[in-house]
Amino acid sequence: MLLSKYFLPILKEDPKEAEIVSHRLMLRAGMIRQQTAGIYSWLPLGLRVLENVARIVREEQNRAGALELLMPTIQSADLWRESGRYDDYGKEMLRIEDRHERELLFGPTNEEMITDIFRNTVRSYRDLPLNLYHIQWKFRDEVRPRFGVMRGREFLMKDAYSFDVDAESARHAYNRMFVAYLRTFKRLGLTAIPMRADTGPIGGDLSHEFIILAETGESQVFCDQDLLTLDLPGDDTDFAADLSGVVSNWTTPYAATEEMHDADAFAALPEARQVSARGIEVGHIFYFGAKYSEPMKARVTGPDGVERPVHMGSYGVGVSRLLGALIEASHDEAGIIWPDSVAPFNVGLINLKPGDVATDEIAAGIVARLESAGLSVLYDDTDQRAGAKFATMDLIGLPWQLIVGPKGAAKGEVEIKRRATGERETLGIDAAVNRLVHETA
RNA sequence: CGGGGCAUAGCGCAGCCUGGUAGCGCAUCUGCUUUGGGAGCAGAGGGUCGCAGGUUCGAAUCCUGCUGCCCCGACCA
């Protein structure tokens, strides 16, 4: 992608409305623009990251056996009356009326709708277990939206819903999502800690929040230091197998959010292992049994011929919120530092002297080779000064910068810089290309 | 929803107290110079001063009402 043809409206100055670093940097880097309180447009650079995050979430859901579908953003109030949540949900739910004066709402979540889909189609235990998910925009009319996409009113969320014949099987479904989440956050370059959590308005009796530790986190959290270094489930994880061992490894050490905190249990840890920090919730999983299937009559016939409410769980990941969390966890004074897995482009190529035959030719050749190797490249072919180009690349946080200048060009050399560490290295053209292809693979 | 603050050019701000028809920096456009860490000089364009009333010869400025946004708290994926 040529920067001269791209839409990257960066800001040199901090917008005054943005208080925390991720919000500031997303605005400055031209990723988002606010439309109204808690509602954002996603500009090309931000959208690329959002899609990368969604892609990883999707791949890990699929790997864990969940099936993707897509439910609408607008729902009928009638469904919510069946579960009793139409009145319970309160002012957070955005209520809408259509031209026929029918009551609709902009969905804050989809338990009722998925339960409706399930009850209309599934009758037998033979069709279970089933886990359906979608990645869709949600709306919660927060009293006070803030922190950019970290607490927006409109937000992109992955929510999965599991259906099982009995509690034991439902527990297995829960464990699969638990493990899928550990893998997902790891692939995103984050350390997420599962913590026992309050179930809130979703309800249920088994629940974990996945929390990223960051100074700007919204809630106080407590955990055992050991959790920060535990092994994560690998690519060879068999999701059909019993995962209770992995889950137990991750749930035995102490970890809780403030609402669930047990000060005595925490104090019993050796002092060196007591981690008290701020956390950002990026995922939340629940098992809630028959809370929705009972009132909404989602029943299956078991092997014994008896009809019973299906056991359900739901599993959310805040996809748009994750972008804020990623930046909170990975940035410096100069800007964002994207993990390789979600970066909007793998490489930022800077031509220090566009119009110079030698640098133009070398840069064009490098773009072609990197792109044919499957890397994405943002090629700064503009006639800005060197300093401005470096500052822009640092701000938008691409993992690698490749610099082509007239002096190096004369010797067949270019420079590569790793954004995260600032390390620079001067290499021959082939060596530089091979290095980036190899490192990004 | 309680408390506080802000609204003037695309962005960041001054002007308001003490009314006289709008200014600075960055950005944008033109020209010349410059060219490895957000360049310099010269020039240019860009504003219903959030909206609606009121006071006044005259309102960005004073008064009233409204709207939007931000911060703290309570609440929350």
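Reminder, nothing fancy here: chain letters follow the sequence lines and each chain counts from 1.
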Subject >> N-O pairing of R419(A) and D340(A) below 4.0 Å >> reply: no
**OP:** Look at all strands and tell whether G152(A) reaches a base, only sugar-phosphate, or nothing, counting heavy atoms closer than 4.0 Å.
**Re:** base
**OP:** With the side chain of K91(A) defined as its heavy atoms from C-beta on, choose the nearest nucleotide among A77(B), C1(B), G36(B).
**Re:** C1(B)
Atom pairs under 3.5 Å, N or O on each side, protein against nucleotides 67-71 of chain B: can you list them with distances?
{"from": "C69(B)", "atom 1": "OP1", "to": "T36(A)", "atom 2": "OG1", "distance (Å)": "2.5"}
{"from": "C69(B)", "atom 1": "OP1", "to": "A37(A)", "atom 2": "N", "distance (Å)": "2.9"}
{"from": "C69(B)", "atom 1": "O3'", "to": "Q34(A)", "atom 2": "NE2", "distance (Å)": "3.2"}
{"from": "C70(B)", "atom 1": "OP1", "to": "Q34(A)", "atom 2": "OE1", "distance (Å)": "3.4"}
{"from": "C70(B)", "atom 1": "OP1", "to": "Q34(A)", "atom 2": "NE2", "distance (Å)": "3.3"}
{"from": "C70(B)", "atom 1": "O3'", "to": "E17(A)", "atom 2": "O", "distance (Å)": "3.3"}

Original post:
Taking a pair as Watson-Crick or G-U wobble with both distances under 3.5 Å, which nucleotide is matched to G23(B)?
Top reply: C13(B)
Original post:
Taking atom types as modelled, is there a side-chain donor on T257(A) or E209(A) under 3.5 Å from an acceptor on the other?
Top reply: no
Original post:
Taking NZ, NE, NH1 and NH2 as the nitrogens, is one of them in E51(A) or R55(A) under 4.0 Å from a carboxylate oxygen of the other?
Top reply: no
Output side-chain donor-acceptor pairs under 3.5 Å for residues 341-357 of chain A, partner residues at least two apart or in another chain, one line each.
{"from": "S341(A)", "atom 1": "OG", "to": "R187(A)", "atom 2": "O", "distance (Å)": "2.6"}
{"from": "N346(A)", "atom 1": "OD1", "to": "S376(A)", "atom 2": "N", "distance (Å)": "2.9"}
{"from": "N346(A)", "atom 1": "OD1", "to": "S376(A)", "atom 2": "OG", "distance (Å)": "3.2"}
{"from": "N351(A)", "atom 1": "OD1", "to": "K353(A)", "atom 2": "N", "distance (Å)": "2.9"}
{"from": "N351(A)", "atom 1": "OD1", "to": "T359(A)", "atom 2": "OG1", "distance (Å)": "3.1"}
{"from": "N351(A)", "atom 1": "ND2", "to": "D360(A)", "atom 2": "OD1", "distance (Å)": "2.9"}
{"from": "N351(A)", "atom 1": "ND2", "to": "Y379(A)", "atom 2": "OH", "distance (Å)": "3.0"}
{"from": "D356(A)", "atom 1": "OD1", "to": "A358(A)", "atom 2": "N", "distance (Å)": "3.0"}
{"from": "D356(A)", "atom 1": "OD1", "to": "T359(A)", "atom 2": "N", "distance (Å)": "3.0"}

Original post:
With both distances under 3.5 angstrom, what nucleotide forms a Watson-Crick or G-U wobble pair with G73(B)?
Top reply: C1(B)
Original post:
If each of D14(A) and K417(A) is mapped to the nucleotide of RNA chain B with the nearest heavy atom, which maps nearer the 5' terminus, i.e. the 5' end?
Top reply: D14(A)
Subject >> Carboxylate-amine/guanidinium proximity below 4.0 Å for D88(A) and R85(A) >> reply: no
Original post:
Could you give the NZ-to-C1' distance, from K12(A) to C13(B), as a whole number of Å?
Top reply: 16 Å
Subject >> Any K389(A) side-chain nitrogen or oxygen under 4.0 Å from OP1 or OP2 of G36(B) >> reply: no
Subject >> Value in whole Å for how far the C1' atom of A39(B) lies from CG of L352(A) >> reply: 15 Å
**OP:** For the side chain of A386(A), starting at C-beta, report the closest nucleotide among G38(B), G36(B), C75(B).
**Re:** G36(B)
Original post:
With nearest nucleotides of RNA chain B determined for M157(A) and G387(A) from heavy-atom distances, which residue corresponds to the more 5′ nucleotide?
Top reply: G387(A)
Subject >> Watson-Crick/G-U partner (both atom distances under 3.5 Å) of A39(B) >> reply: U33(B)
**OP:** Nearest whole angstrom, please: distance from the P of A77(B) to the CD of E111(A).
**Re:** 11 Å
Original post:
Is the backbone of D226(A) close enough, under 3.5 Å, to the side chain of T229(A) for a donor and an acceptor to pair up by distance?
Top reply: yes
**OP:** Kindly confirm whether the side-chain ring of F390(A) is stacked on the base of G36(B), judged by centres under 5.5 Å and planes under 30°.
**Re:** no
Subject >> Main-chain N/O of T382(A) paired to K389(A) side chain as donor or acceptor, under 3.5 Å >> reply: yes
Original post:
NA contact type, R33(A), heavy-atom cut-off 4.0 Å: base, sugar-phosphate, or nothing?
Top reply: nothing
Original post:
Would you find more than 12 non-hydrogen atoms of other residues, nucleotides or ligands less than 6.0 Å from D383(A) atom CG?
Top reply: no
Original post:
If the C1' atom of U48(B) is compared with that of U8(B), how far apart are they to the nearest Å?
Top reply: 12 Å
**OP:** Starting from P on C26(B), measure out to CD1 on I10(A) and report it in whole angstrom.
**Re:** 16 Å
**OP:** Report which part of the nucleic acid G405(A) touches: base, sugar-phosphate, or nothing (heavy-atom distance under 4.0 Å, all strands).
**Re:** base
Original post:
Ion pair present between E328(A) and R278(A), side-chain N to carboxylate O less than 4.0 angstrom?
Top reply: no
Restricting both atoms to N or O, compile the protein contacts to nucleotides 31-34 of chain B shorter than 3.5 Å, with distance only.
{"from": "U34(B)", "atom 1": "O2", "to": "R385(A)", "atom 2": "NH1", "distance (Å)": "2.6"}

**OP:** Would you check, one step at a time, whether the test side chain to side chain contact (heavy atoms under 4.5 Å, CB included) holds for R183(A) with L232(A)?
**Re:** CA-CA 7 Å; R183(A) 287 186 44 81; L232(A) 286 145; over 6 Å; no
Original post:
If we call it a pair only when both distances are under 3.5 Å in a Watson-Crick or G-U wobble match, what pairs with G45(B)?
Top reply: none
**OP:** Give a yes or no on whether a donor-acceptor pair under 3.5 Å exists between the nucleobase atoms of G25(B), that is its base, and the side chain of E13(A).
**Re:** yes
